[in-house]
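Naming convention: chains lettered A, B, ... in sequence-line order (proteins, then strands); numbering from 1 in each chain.
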Amino acid sequence: MKKVFVEDVLGMGEGSEVELLGWVRSRRVHGGLVFIDLRDSTGVLQVAVKRGVVDDESFERAREVGREAAVKVRGVVRKDPRAPGGVELQCRSLEVVGDSLDEFPIRKGVGVRFLFDHRHLHLRSPKVTAIMRVRARLVESARRWLREQGFTEIHCPTFITAAVEGGATLFKLDYFGKTAYLTQSVQFYQEAAIYSLEKVYSLQPSFRAEMSRTRRHLTEFWHLEAEMAYAELEDLMEVVENLVHAMVRGVHEGCQRELRVLGVELDPSMAEPPYPRIKYSEALQILSNKGVEVSWGDDFGADEERVLSKEFEKPFFVTHYPKEAKAFYHMLDPEDPSVCRNTDLLAPGGYGEIVGGGQRIHDYHQLLKRIEEEGLDPKDYEWYLDLRKYGSVPHSGFGLGIERTIWWLLKLPHIRHAALFPRTPARLYP
RNA sequence: GCCGGCGUAGCUCAGCCUGGUAGAGCAGCGGGCUGUUAACCCGUUGGUCGGUGGUUCAAAUCCACCCGCCGGCGCCA
């Protein structure tokens, strides 16, 4: 097991002798002097290999070693202003653990397409590494906060038989002769679980078979969903804003180095609750004042979202959408049954929808009516309806897109940068 | 699904408008170099110009269709 890391060496005194295991990030040959930038999970260290200081075999190996080869280096720590970072390793011996058999394909100047074709190798780059660390921290922060708030994590199936949203596109597959689909949301299963656990959440992939070619869509994305018994729309929004704040704070506290690598300024105060709450009808008014006319009943398009999001510094909730624009299970507002008690959380700066959710219909007859109104077959929703037959209670839930959130926080040019091996309509490999 | 753009060396691109059988930089390969920082210097290999068909004496270049990719829209997280 490896014990000494680049990070440790940077803190060591002049003259310390160490053995390092890492990868050759780059190599510069100057006749009798070879510089190797040695990379490991904690940083990069310049190794100076001088003819005469090392044995001839080590020197030859250093001269010939390929980029991204794995090497074991023994040497002495030296402070030297000529070295990047002011510290380098004076090499005493070098062994090749695993050489590079071909020229390493990832280089400065290659295009996005090429990078994603070689994503398995691209992952070694500092920026991708930083994004993955931010992602891990973000998810950890969410889990910790939810646990502290009394939520229980549950795990729901990926194979399903019916859609959550009637119209949304599902990936269809053969399940021993039956038709099955890949889940696009675990909401219905969570609604079943609240009758024992009361507050639940899941973190698992969702799938959308949409040919969406935009910088904010993946066909497979990690979905953080939660459902709460006895929670109404207002309770839900409080949970969402505090959760998002906890995630942003977590990244800010735990990822300073990564944010520096990515050149991202992250100010957690921009995610501090409370977030503005506007009703759909108010959003229409704001848009109208800006010269953008949307007729009542239509959902906002990307253009409208962008105009709207420029009006806010923080994420903001848009609530009470017309029922025509939303799925059947949303509870209608008793004061105005033409709108739902739902909410979308939109990120500022044109990043768009991060969270979608709302209060669910908990009355059996009302749910059945809405299913029929939408022209859906109640038989497809039998067990979902069944939940309303035995001790049904008001409840609310939401879904948050992990990659969307990372995309927004890190100001990434495309959501695919937020995933290890992203899946888009055109990307199934590697 | 709709709209737009692109496809030329391993990579990044120029050449296309105005038709005359292909170029640069980087990488690779050979050589040199003891303080580089994407090292540098000298030399050098490398291409069915996405595919098919058409126009033409002649097509990377003009036309049609197809394929692939990229972005926007719709849909959503």
Side-chain angles (χ1 to χ4, degrees), chain A residues 25-37 44-54 59 62-63 66-67 78 80-86 88 90-91 102-118 125 163-170 183-187 203-225 240 244 298-306 325-327 344-347 351-357 398-408 413-416 418-419 424-427:
Chain A
R25 189 169 158 68
S26 63
R27 185 197 51 173
R28 298 174 291 279
V29 181
H30 297 250
L33 170 64
V34 179
F35 292 110
I36 286 174
D37 290 345
V44 180
L45 179 69
Q46 174 166 287
V47 179
V49 190
K50 289 185 179 174
R51 183 184 277 140
V53 178
V54 297
F59 183 78
R63 239 170 64 85
R67 283 178 59 229
R78 289 265 182 260
D80 191 320
R82 295 169 297 184
E88 70 176 14
Q90 282 287 347
C91 185
D102 286 312
E103 179 61 16
F104 194 69
I106 308 300
R107 282 181 300 272
K108 292 268 184 191
V110 298
V112 176
R113 165 91 194 279
F114 186 88
L115 288 176
F116 281 94
D117 279 342
H118 298 83
S125 75
V164 169
E165 323 262 343
T169 322
L170 297 165
T183 179
Q184 46 153 223
S185 166
V186 298
Q187 178 193 326
L203 182 60
Q204 55 186 96
S206 279
F207 304 88
R208 302 278 163 93
E210 292 278 359
M211 288 292 274
S212 303
R213 328 190 26 83
T214 79
R215 64 189 70 186
R216 61 183 185 284
H217 284 92
L218 295 168
T219 50
E220 175 177 2
F221 67 96
W222 278 68
H223 210 173
L224 176 62
E225 292 178 90
V240 169
V244 170
D298 290 348
D299 205 344
F300 306 124
D303 288 342
E304 290 80 32
E305 272 189 15
R306 228 165 282 142
K326 292 289 159 184
D344 285 349
L345 183 71
L346 305 188
Y351 285 87
E353 197 176 336
I354 302 296
V355 175
F398 67 89
L400 176 148
I402 293 294
E403 290 86 358
R404 283 257 176 107
T405 306
I406 296 166
W407 175 61
W408 159 52
H414 195 295
I415 193 170
R416 63 186 162 214
T424 64
R427 172 69 58 196

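Rounded to whole angstrom, the span from the CG atom of A:Leu400 across to the P atom of B:C76 amounts to 17 Å. Between the CD atom of A:Glu225 and the C1' atom of B:C76 there is a distance of 13 Å, given to the nearest Å. When rounded to the nearest whole Å, the span between CG of A:Asp303 and C1' of B:C75 equals 14 Å. Between the CZ atom of A:Arg416 and the P atom of B:C69 there is a distance of 12 Å, rounded to whole Å. For A:Asp298 and B:G74, the CG to P distance is 11 Å, given to the nearest whole Å. Atom CD of A:Glu353 and atom P of B:G74 are 12 Å apart (whole Å). Protein atom CZ of A:Phe116 is 14 Å distant from nucleotide atom C1' of B:C69, rounded to whole Å. In this structure, the CD1 atom of A:Ile106 is 16 Å from the P atom of B:A27, given to the nearest Å.
Below the 3.5 angstrom threshold, one finds a donor paired with an acceptor across the side chain of A:Arg404 and the base of B:C76. One donor-acceptor pair, N or O on each side, does fall under 3.5 Å between the base of B:G71 and the side chain of A:Arg213. Contact annotation: side chain of A:Ser212 to base of B:C75, donor-acceptor pair present below 3.5 Å.
As judged by a 4.0 angstrom heavy-atom cut-off over every strand, A:His414 is placed among residues touching the sugar-phosphate backbone only. Backbone-only engagement by A:Phe114 is indicated by non-hydrogen atom pairs under 4.0 Å involving sugar-phosphate atoms exclusively. Nucleic acid contact for A:Glu220: none, since no nucleic acid atom lies under 4.0 Å from a heavy atom of the residue. If you check every strand for non-hydrogen atoms under 4.0 Å, A:Leu224 touches nothing. Among the protein residues, A:Gly52 comes within range of no part of the nucleic acid, since none of its heavy atoms lies under 4.0 Å from any strand.
A salt bridge does not link A:Asp102 to A:Arg67: none of the charged side-chain nitrogens sits closer than 4.0 Å to a carboxylate oxygen.
Ranked by how close their nearest RNA chain B nucleotide is to the 5' end, A:Thr219 and A:Gly32 are led by A:Gly32. Sequence order on RNA chain B of the closest nucleotides to A:Arg113 and A:Gln46 puts A:Gln46 first from the 5' end.
With sequence neighbours left out, the side chain to side chain contact (heavy atoms under 4.5 Å, CB included) criterion links A:Asp303 to A:Arg306. Among residues two or more places apart in sequence or in another chain, the salt bridge (charged side-chain N to carboxylate O under 4.0 Å, His left out) test is passed with A:Arg427 by A:Asp117. For A:Arg27, the side chain to side chain contact (heavy atoms under 4.5 Å, CB included) partners are A:Val24, A:Val29, A:Val34, A:Ile36, A:Val65, not counting sequence neighbours. Residues passing the side chain to side chain contact (heavy atoms under 4.5 Å, CB included) test with A:Pro425 are A:Met211, A:Thr219, sequence neighbours excluded. Considering only residues two or more places apart in sequence or on other chains, A:Arg82 meets the side chain to side chain donor-acceptor pair (under 3.5 Å) condition with A:Asp80.
Distances were taken from every side-chain heavy atom of A:Arg107 (C-beta onward) to each of B:U37, B:C11, B:C76; the shortest belongs to B:C11. Across B:G35, B:A77, B:G74, the shortest atom-to-atom separation from the side chain of A:Ala302 is found for B:G74. Ranking B:A38, B:A77, B:U37 by closeness to the A:Pro84 side chain, first place goes to B:U37. Among the nucleotides B:A77, B:G74, B:G35, the one closest to any side-chain atom of A:Glu210 is B:G74. Checking B:G72, B:G35, B:G74 against the side-chain heavy atoms of A:Arg215 singles out B:G72 as nearest. Candidate nucleotides B:A77, B:G74, B:U36 were compared by shortest atom distance to the side chain of A:Thr214, and B:G74 ranks first. The side chain of A:Arg216 lies closest to B:C73 when the candidates are B:G1, B:A38, B:C73.
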Are any protein N/O atoms closer than 3.5 Å to N/O atoms in nucleotides 39-43 of chain B? If there are, list each pair with its distance.
unit_1, atom_1, unit_2, atom_2, d
B:A39, OP2, A:Arg28, NH1, 3.4
B:A39, N6, A:Val29, O, 2.6
B:A39, N1, A:His30, ND1, 3.4

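B:A9 and B:A14 are spaced 12 Å apart, taking the P atom of each and rounding to whole Å. Of the C1' atoms belonging to B:G74 and B:G68, the separation is 23 Å, rounded to the nearest Å. B:G20 and B:A60 have their C1' atoms separated by 13 Å, given to the nearest Å. A gap of 14 Å separates the P atoms of B:C16 and B:C63, to the nearest Å. Atom P of B:G46 sits at a distance of 36 Å from the matching atom of B:U56, rounded to the whole Å. Rounded to whole Å, the C1' atom of B:A58 lies 37 Å from the corresponding atom of B:C29. Separating the P atom of B:C41 from that of B:U36 is a span of 14 Å, rounded to the nearest Å. B:U45 and B:G23 have their P atoms separated by 12 Å, given to the nearest Å.
OP1 and OP2 of B:G72 both lie 4.0 Å or more from every side-chain N or O belonging to A:Arg306.
Remark: side-chain polar atoms of A:Arg216 are not paired, donor with acceptor, to backbone N or O of A:Arg404 under 3.5 angstrom.
With a 3.5 Å ceiling on both atom-pair distances, the Watson-Crick or G-U wobble partner of B:C62 is B:G54. For B:C6, the paired base is B:G68 (Watson-Crick or G-U wobble, both distances below 3.5 Å). With a cut-off of 3.5 Å on both Watson-Crick or G-U wobble distances, the partner of B:C40 is given as B:G32. Base pairing annotation: B:C49 forms no Watson-Crick or G-U wobble pair, as no partner gives both donor-acceptor distances under 3.5 Å.
Between the NE2 atom in A:His217 and the NE2 atom in A:His414 there is a gap of 10.0 Å [rounded to 0.5 Å]. In this structure, CG on A:Leu400 lies 4.0 Å from OG1 on A:Thr405, to the nearest 0.5 angstrom.
Between A:Thr169 and A:Glu210 the shortest heavy-atom distance is OG1-OE2, 2.9 Å.
No side-chain N or O of A:Gln184 forms a donor-acceptor pair with one of A:Ser206 less than 3.5 Å apart.
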